[in-house]
Amino acid sequence: MPELPEVETIARALRDGGRGQPSIVGARVAAVEVRWQPVIVTPSPAAWAAHLIDAVLTDVWRRGKYLVLEWGKTGYLIVHLRMSGDLVVLPPGQPVPKHTRWLLRFADGRVLAFDNPRKFGRTWLVADPAEVLGHLGPEPFDPALTPARFFARLQQRRGQIKPLLMNQRFLAGLGNIYTDEALHRAQIHPRTAANCLSAEQAQRLLAAIRAVLREGIAANGASIDWMYRGGTFQNTFRVYHRQGEPCYTCYTPVERIQVGQRSTFFCPRCQPFQTC
DNA sequence: CCTGAAACCTGTCTGC
DNA sequence: TGCAGACAGGTTTCAG
């Protein structure tokens, strides 16, 4: 589930209200429960819980695929969902999801639950968010990331464009779905060497990345399988999971290949392979 | 620097 | 119905 648009959807719902629940900003923690300790990276699970008791949530935001919950002077609770799960608000008395790894009970009776079936997700509580987020590349919507700057960074890399776009040190937020969708929109083959792209292609690619992310956010993310619900972007996929079906642009069957160990979907006609 | 393999997990779906 | 195998939105570590 969780790439930038899904994480953004969760962050906005927690901060502003949404997905059927009002905002939790201003709520005070009355009790903490950790059900699967390895999910807590730092500090120790006991210290983690002790720090959060009585803390008041002051803000929620997103950086890349990380969710950041601010608790005033208590610090920053940072969450990464990895391959599955959600951060959900439950009204008083409602049972928590089956795969809840930790939960915060608020003084008003509501519960914030970290639902993470595959146990890949991780949580940190830190004084400085840079401890966790410091390695991340630029946000895709950062105005400082101009087409010229993006092109210059591509020029410095010789690897395949798809794994590079998914490298969070290069750019923060893209995952398997949105990368394939952006490359199709920009008409670039996923195995193209990054430094073989022209300035025009770089500009087109950056615009395509921003367009698919914007559409994904507007659709509240994508829902696939049982992992996540609520979003509708899956109805707008142009290539992802469409192998054998006609490209909407040229009617050539969409192909599925492996690139960087990930299933990759592309149109062989709209996205021809190129070398320098 | 770049690539590929493996590991971390649970659940769903497909085919025999 | 049972069961084996493939596959899944991510990241890290290691070998070459």
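We name chains A, B, ... by the order of the sequence lines, and we start the count at 1 in each one.
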Would you say [X] places a side-chain N or O within less than 4.0 Å of OP1 or OP2 belonging to [N]?
X	N	answer
Arg118(A)	dC8(B)	no
Lys65(A)	dG10(C)	yes
Arg262(A)	dT3(B)	no
His99(A)	dG11(B)	yes
Ser84(A)	dG11(B)	no
Lys119(A)	dC8(B)	no

Centre-to-centre under 6.0 Å for Trp102(A) and Trp48(A), is that the case here? yes

Quick one: are the ring centres of His184(A) and Phe266(A) less than 6.0 Å apart? no

Pairwise P distance, dC7(C) and dA5(B) [rounded to whole Å]: 14 Å

Starting at atom [atom1] of [X], determine the distance to atom [atom2] of [N], rounded to an integer number of angstrom.
X	N	atom1	atom2	result
Met166(A)	dG10(C)	CE	C1'	7 Å
Gln37(A)	dC8(B)	CD	P	19 Å
Tyr240(A)	dG10(C)	OH	P	8 Å
Ile161(A)	dT3(B)	CD1	C1'	16 Å
His241(A)	dT12(B)	NE2	P	16 Å
Gln243(A)	dA6(C)	CD	C1'	13 Å
Arg122(A)	dA7(B)	CZ	C1'	12 Å
Leu133(A)	dT11(C)	CG	C1'	15 Å

Regarding Cys196(A) and Cys276(A), I want to know if their SG-SG distance comes in below 2.5 Å, which is how I'm defining a disulfide. yes

Would you call the rings of Phe170(A) and Phe150(A) parallel, tilted or perpendicular, where under 30° means parallel and over 60° means perpendicular? tilted

Is there a Watson-Crick or G-U wobble partner for dT13(C) with both distances under 3.5 Å, and which nucleotide is it? dA5(B)

Pairing partner of dG5(C), by Watson-Crick or G-U wobble and under 3.5 Å for both distances, is dC13(B)

Measure from the ring centre of Phe120(A) to the centre of the six-membered ring in the base of dT11(C), then say whether that distance is under 5.5 Å and the planes meet at under 30°. no

Taking only the side-chain heavy atoms of [X] (C-beta and beyond), determine which of [options] contains the nearest atom.
X	options	answer
Pro2(A)	dG9(C), dC2(B), dA8(C)	dG9(C)
His80(A)	dC7(C), dT11(C), dG9(C)	dT11(C)
Met83(A)	dG9(C), dC2(B), dG4(B)	dG9(C)
Asn176(A)	dA8(C), dG10(C), dT11(C)	dG10(C)
Lys98(A)	dG11(B), dT11(C), dG4(B)	dG11(B)

Would you call Glu3(A)-Lys65(A) a salt bridge at under 4.0 Å N-O? no

Categorize [X] for me: base, sugar-phosphate, or nothing, with a 4.0 angstrom heavy-atom threshold over every strand shown.
X	result
Phe233(A)	nothing
Arg169(A)	nothing
Arg157(A)	sugar-phosphate

Between Gln258(A) and Gln261(A), which has a closest nucleotide on DNA chain C that is more 5'? Gln258(A)

Got more than 12 heavy atoms from elsewhere within 6.0 Å of CZ, Arg210(A)? yes

Any side-chain donor near an acceptor of the partner, Gln187(A) and Gln201(A), under 3.5 Å: no

